[in-house]
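I have placed the structure first, in the form of structure tokens, so that the comments after it can refer back to it.
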Number of protein chains: 2
Amino acid sequence: MARIKDVADRAGVSTASVSRVLSGKENVSAEMRERVMAAVEELDYQPNLVARSLRSQRSSTVGLIVSDIRNPFFTDVSRAVEDTVHEQGYALFLCNADEDPEKEMLYLERMQAQNVAGIIYSPTRRSAESFPDLDISVPTVIIDRAVRSSEVDMVLIDNVDAAYRLTEHLIENGYRRIAGLFGKASVTGRERRQGYEEALQAHHLAPPDRQARYIAPKIEAGKATALRILAHDRPPDAILTTNSLLTAGTLMAIRERGLLTPDDVGLVGFDETTWGALVEPAVTIIAQPTYEIGTTAAGLLLQRVENPDRSPRKVILQGDLVARGSSAPRLGI
Amino acid sequence: MARIKDVADRAGVSTASVSRVLSGKENVSAEMRERVMAAVEELDYQPNLVARSLRSQRSSTVGLIVSDIRNPFFTDVSRAVEDTVHEQGYALFLCNADEDPEKEMLYLERMQAQNVAGIIYSPTRRSAESFPDLDISVPTVIIDRAVRSSEVDMVLIDNVDAAYRLTEHLIENGYRRIAGLFGKASVTGRERRQGYEEALQAHHLAPPDRQARYIAPKIEAGKATALRILAHDRPPDAILTTNSLLTAGTLMAIRERGLLTPDDVGLVGFDETTWGALVEPAVTIIAQPTYEIGTTAAGLLLQRVENPDRSPRKVILQGDLVARGSSAPRLGI
DNA sequence: CTGAAAGCGCTAACAA
DNA sequence: TTGTTAGCGCTTTCAG
């Protein structure tokens, strides 16, 4: 790989001048610019970003750490983040923590050690709780899962409200024994459970015995738990799930038991997916504004990169209830 | 952030010794090791990877560039790659080229400039064709989409064969007018079309007029094209698609037209997804061994990092035909 | 086994 | 406007 010295020699100028031209500084003569650019072309010179970053203590890559790359929510958000940062000349490096706090810490450290310009991430419950102690030294924006800190930018949705509305929707449609599958790795799971319980209470209902559970937010866990719940002697008449992986697992369980939705059991969940509207009946969901979450988070991050002292902001977006067949009104009421 | 100098001062030793301890060198006394580690603990020292990488010309991150982060095939592969490299102490940075050759080049350059240990990527057709000219200077493994070069490690599946079997499966089940939707950004699309055409020919059939098309490998394009094909005066009796995004789009189109699968039109595609078995009827697919592709690619890459002169290898895996309801035998034959 | 010193490739003061 | 020089934080010779 050609180095800046090679370019400088070829153009017959100093390395400082090459650097100035390449970083678009003002005070450079037209002739200098031309000669340097010619040499750059000829040598196909690509600046070494490692050296640049070490020296300038800056960089033009931002990092995104998602909890689970197989959850379409996060891939949709990442598309949005990418679009936004790309417009501003940043590249995006994505890491998958896979709901594992260890990996999350690893990547958090790694990204800082790589000197990224900023980090967007959705913390597991464990790191959400210890967030203030993490002392992250680069601009950071939290998405999806709140942390206990007013010192950091966050982009969230109102989970309590969303789960409340989703639960109430079931109740209004005549469902009474509503089971709940909540992601155990995140505060999101907690908040959604809260909304669920509040809605039940407001209607003088309670979660059916042992049918509201925190579980790993994965397809397999969703399926296994749903199978168990459906085998209960007093099975639920509806199941609420808090992410699309759990929804999928639950639907698999329902099918495996040979049950019909919504006749035997209603089903509602979170997040729009490729398949939510393709299965029969289509699944009722709270659609999160993934693209907006991503662009907003990226926008906040880049603002903070420019101006680290700006006061932190917490943006709360709303989910959108999309009622479909899987929670159709119960017959006979 | 504490620097190595701070650790050295605190421990009362030289920076060289700190470096030796941290990189696990042999010739260090037990006492030295102890003192250094104590200082590291106290200061919560994290080595600056940028500086380390600049100096040592090595790094412990590998890059993965995928064509489309929303295609479950790639997220599944990336999980596998991550698992493998993680075991060996590497971190994985993922980038999404979004089927855009420009972005792909950007990330390819970026990763090299960031001095990653190696790169795994699936090239768009454009870069697949110009691959030999790309002169990538770090170890590279190509996945999913072959390039014209015997100088590079690749992990692929036999696309011609897979598409042949998938097409033949339709023919054996009595379908005769088989439309085809092929991804236009990749050689994969080409190869699968070849298998499709060979199978048709072998059975003295031909693609229905204007019903075999190269299109953007996205849901929207799949849906739009399928709608158009289904509106043809002699519509197909089956549609073959070459990735799960196109399958989803096609299924949406079928539903929107109020058609039934497989009665009105059969449907087959590639890649196992969350939803492929959840829709009614379930979709017949060629399941690619995503996990094996990922671990194999990661393994080859790390081998090459250790030994850059090893002769290149081309690993060809087989897809697995999973016959389901969407291609059930036509009635009346 | 340990320390001093050079230098990875670049940018930012400072001079000229 | 341009060049010279120092040094970002680390690893790696080379002496000792």
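Here the structure is a predicted model, which means the values were calculated and not measured. Reminder, nothing fancy here: chain letters follow the sequence lines and each chain counts from 1.
- Listed in residue order, the members of residues 28-38 of chain A having a heavy atom less than 4.0 Å from DNA chain D are A:V28, A:S29, A:M32.
- In B:E34, the CD atom is not crowded: 12 or fewer heavy atoms of neighbouring residues, nucleotides or ligands sit closer than 6.0 Å.
- In this view, A:F93 and B:F93 satisfy the ring pair (Phe, Tyr, Trp, His ring centres under 6.0 Å) rule, not counting sequence neighbours.
- Between the side chain of A:D9 and the backbone N or O of A:D6, no donor-acceptor pair lies under 3.5 Å.
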Checklist entry - What does nucleotides 9-16 of chain D look like as a protein-contact string, B for base, S for sugar-phosphate only, - for none, at under 4.0 angstrom between heavy atoms? => result BBBBB---
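- No side-chain heavy atom of B:L64 sits less than 4.5 Å from a side-chain heavy atom of B:F74.
- Direction of the helix axis in the helix from C:dC1-D:dG16 to C:dA16-D:dT1 shifts by 40° between the two five-pair termini, rounded to 10°.
- For the pair B:Q46 (side chain) and A:E109 (backbone), a donor-acceptor distance under 3.5 Å is absent.
- Applying the side-chain hydrogen bond (donor to acceptor under 3.5 Å, both in side chains) rule to pairs touching residues 85-94 of chain B yields nothing, sequence neighbours excluded.
- Rounded to an integer number of Å, the gap from CE of A:M1 to C1' of C:dC8 is 14 Å.
- Applying the side-chain hydrogen bond (donor to acceptor under 3.5 Å, both in side chains) test to every pair with at least one member in residues 48-59 of chain A, sequence neighbours left out, gives these pairs: A:S53-A:N115.
- Residue-environment remark: CD (B:E129) exceeds the threshold of 12 foreign heavy atoms within 6.0 Å.
- A donor-acceptor pair is defined here as one N or O able to donate and one able to accept, closer than 3.5 Å; no such pair exists between the side chain of B:R145 and the backbone of B:R125.
- No side-chain N or O of A:R3 forms a donor-acceptor pair with one of A:T15 less than 3.5 Å apart.
- In this structure, B:N27 atom CG and C:dG3 atom C1' are separated by 13 Å, rounded to whole Å.
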